[in-house]
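A short worksheet on the structure shown next.
Side chains are part of it too, since the values below use all heavy atoms of this structure and drop only hydrogens, waters and symmetry mates. Computed from a predicted model, the values in this text were never measured in an experiment. Just so it is clear: chains get the letters A, B, ... in the order the sequence lines come, proteins before strands, and each one is counted from 1.
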Number of protein chains: 2
Amino acid sequence: MVSEAKNNKRYRCPVEATLDVIGGKWKPLILWQLKAEKLRFSGLQQSMQGISPKMLTKQLRELEEAGLVLREVYPEIPPRVEYSLTEFGKTVLPVLDALCEWGNKYLDRECVLGKNEELEAADGPALQ
Amino acid sequence: MVSEAKNNKRYRCPVEATLDVIGGKWKPLILWQLKAEKLRFSGLQQSMQGISPKMLTKQLRELEEAGLVLREVYPEIPPRVEYSLTEFGKTVLPVLDALCEWGNKYLDRECVLGKNEELEAADGPALQ
DNA sequence: CAGCATCCGCAACGATACTG
DNA sequence: CAGTATCGTTGCGGATGCTG
């Protein structure tokens, strides 16, 4: 996704570039998890219940290639890899906040307009 | 996408809801087009070169169901349908702006880091 | 532990033709 | 003009098994 983006993708507008980098099913969650703390692969996997290692790896590599995430490998036995946000990566946090805030507005509105059963409008990405 | 969202989708975080509503390949462009002016179906189709009528219809219906877009049908011959942003729809514009702004930062950075050939970092969603 | 390899279903997206 | 209807393609994301 990102790799292709860097190599050959032409965006019709910068919004597309952003969505390409921080969009998708997992990337926002990953970035949110890394907001506060450096995390290991297994830590991230547990934070986001249900993601397969393959998928997590893929997302992390893309975020790394985009320059948002730093991957530190400690050549130990057993292996240890830690992921954290780069300085540039931290610049997306306000964007994520904006998305989150509007999402809450949208969900509240949907709720008010009827239709919904139950709805915990979490204040941030929180699992379950 | 949105319809399913309203009916049965449970978001793990509000960011996902937002991306579901304004994300995807076409929705940001459509919203951007409608930012300034009310547009007819054919007008939108031309603004976004390459979209098929089926796709455009689908995106517009989803935006309509999400409450962002107003669809006005004039029962004339030939038919005329005009699309515009609702008041609620206008509340996403700042979010789009944020996405756009960060996208430009990202693209500039990618450019500076080498690799890119040509890159017109448009100031907003502008076709070609 | 932190992954890579492989296979695969399904939803998104696209092209074209046709209609009230 | 503003769409439907139909068919085809693509690739995201998931499941499972294996490795240094």
Pairing pattern in dot-bracket form [Watson-Crick, G-U; both distances under 3.5 Å; | = partner strand] for DNA chain D: ||||||||||||||||||||
side-chain N/O A:Lys25 vs D:dG14 OP1/OP2, d < 4.0 Å: yes
Rounding to a whole Å, what distance do you find between A:Lys27:NZ and D:dC12:P? 9 Å
Less than 4.0 angstrom between a side-chain N/O of A:Ser52 and OP1 or OP2 of D:dG14, yes or no? no
Of the listed nucleotides (D:dC12, D:dA2, C:dG3), which one gets closest to any side-chain atom of A:Lys58? D:dC12
Can you work out whether A:Glu82 or B:Ile51 has the more 5'-proximal nearest nucleotide on DNA chain C? A:Glu82
Could you go through residues 66-75 of chain A and list every donor-acceptor pair under 3.5 Å that involves a side-chain atom there, pairing it with any protein atom two or more places apart or in another chain?
unit_1: A:Arg71; atom_1: NE; unit_2: A:Tyr83; atom_2: OH; d: 3.1
unit_1: A:Glu72; atom_1: OE1; unit_2: A:Lys38; atom_2: NZ; d: 3.0
unit_1: A:Tyr74; atom_1: OH; unit_2: A:Glu82; atom_2: OE1; d: 3.3

Taking the basic N atoms (NZ, or NE/NH1/NH2) and the acidic carboxylate oxygens, is any pair closer than 4.0 Å for A:Glu101 and A:Lys105? no
Hey, does the side chain of B:Ser42 come within less than 4.0 Å of D:dA2's phosphate (OP1/OP2), counting only N and O? yes
N/O (side chain, A:Arg40) to phosphate O (OP1/OP2, C:dA2) under 4.0 Å: yes
Under 4.5 Å between any side-chain heavy atoms of B:Ile51 and B:Lys25, yes or no? no
Atom CD of B:Gln45 to atom C1' of C:dT16: distance rounded to whole Å? 13 Å
Can you tell me the distance, in whole Å, between the CZ atom of A:Phe41 and the P atom of D:dT19? 18 Å
Length of the CG-C1' vector between A:Leu60 and C:dA2, whole Å: 11 Å
Anything under 3.5 Å between a protein N or O and an N or O of nucleotides 4-7 of chain C, put it in a table, one pair a line.
unit_1: C:dC4; atom_1: OP2; unit_2: A:Arg61; atom_2: NH1; d: 2.6
unit_1: C:dT6; atom_1: O4; unit_2: A:Lys54; atom_2: NZ; d: 3.4

Take atom CG of B:Leu19 and atom P of D:dC12, then tell me their distance rounded to the nearest Å. 16 Å
State whether B:Arg61 and B:Glu65 are salt-bridged, where the test is any N-O pair (Lys NZ or Arg NE/NH1/NH2 against Asp/Glu carboxylate O) under 4.0 Å. no
From C:dC1, D:dG14, D:dG3, pick the nucleotide closest to the side chain of A:Pro79? C:dC1
Main-chain N/O of B:Glu87 paired with B:Thr91 side-chain donor or acceptor, under 3.5 Å: no
Heavy atoms of A:Pro28 and B:Val15 approach each other most closely as CB-CG1, 3.8 Å
Residue-phosphate contact under 4.0 Å: B:Tyr83 side-chain N/O, D:dG3 OP1/OP2: yes
Listed nucleotide nearest any side-chain atom of B:Pro78, set C:dG3, C:dA2, D:dC1: D:dC1
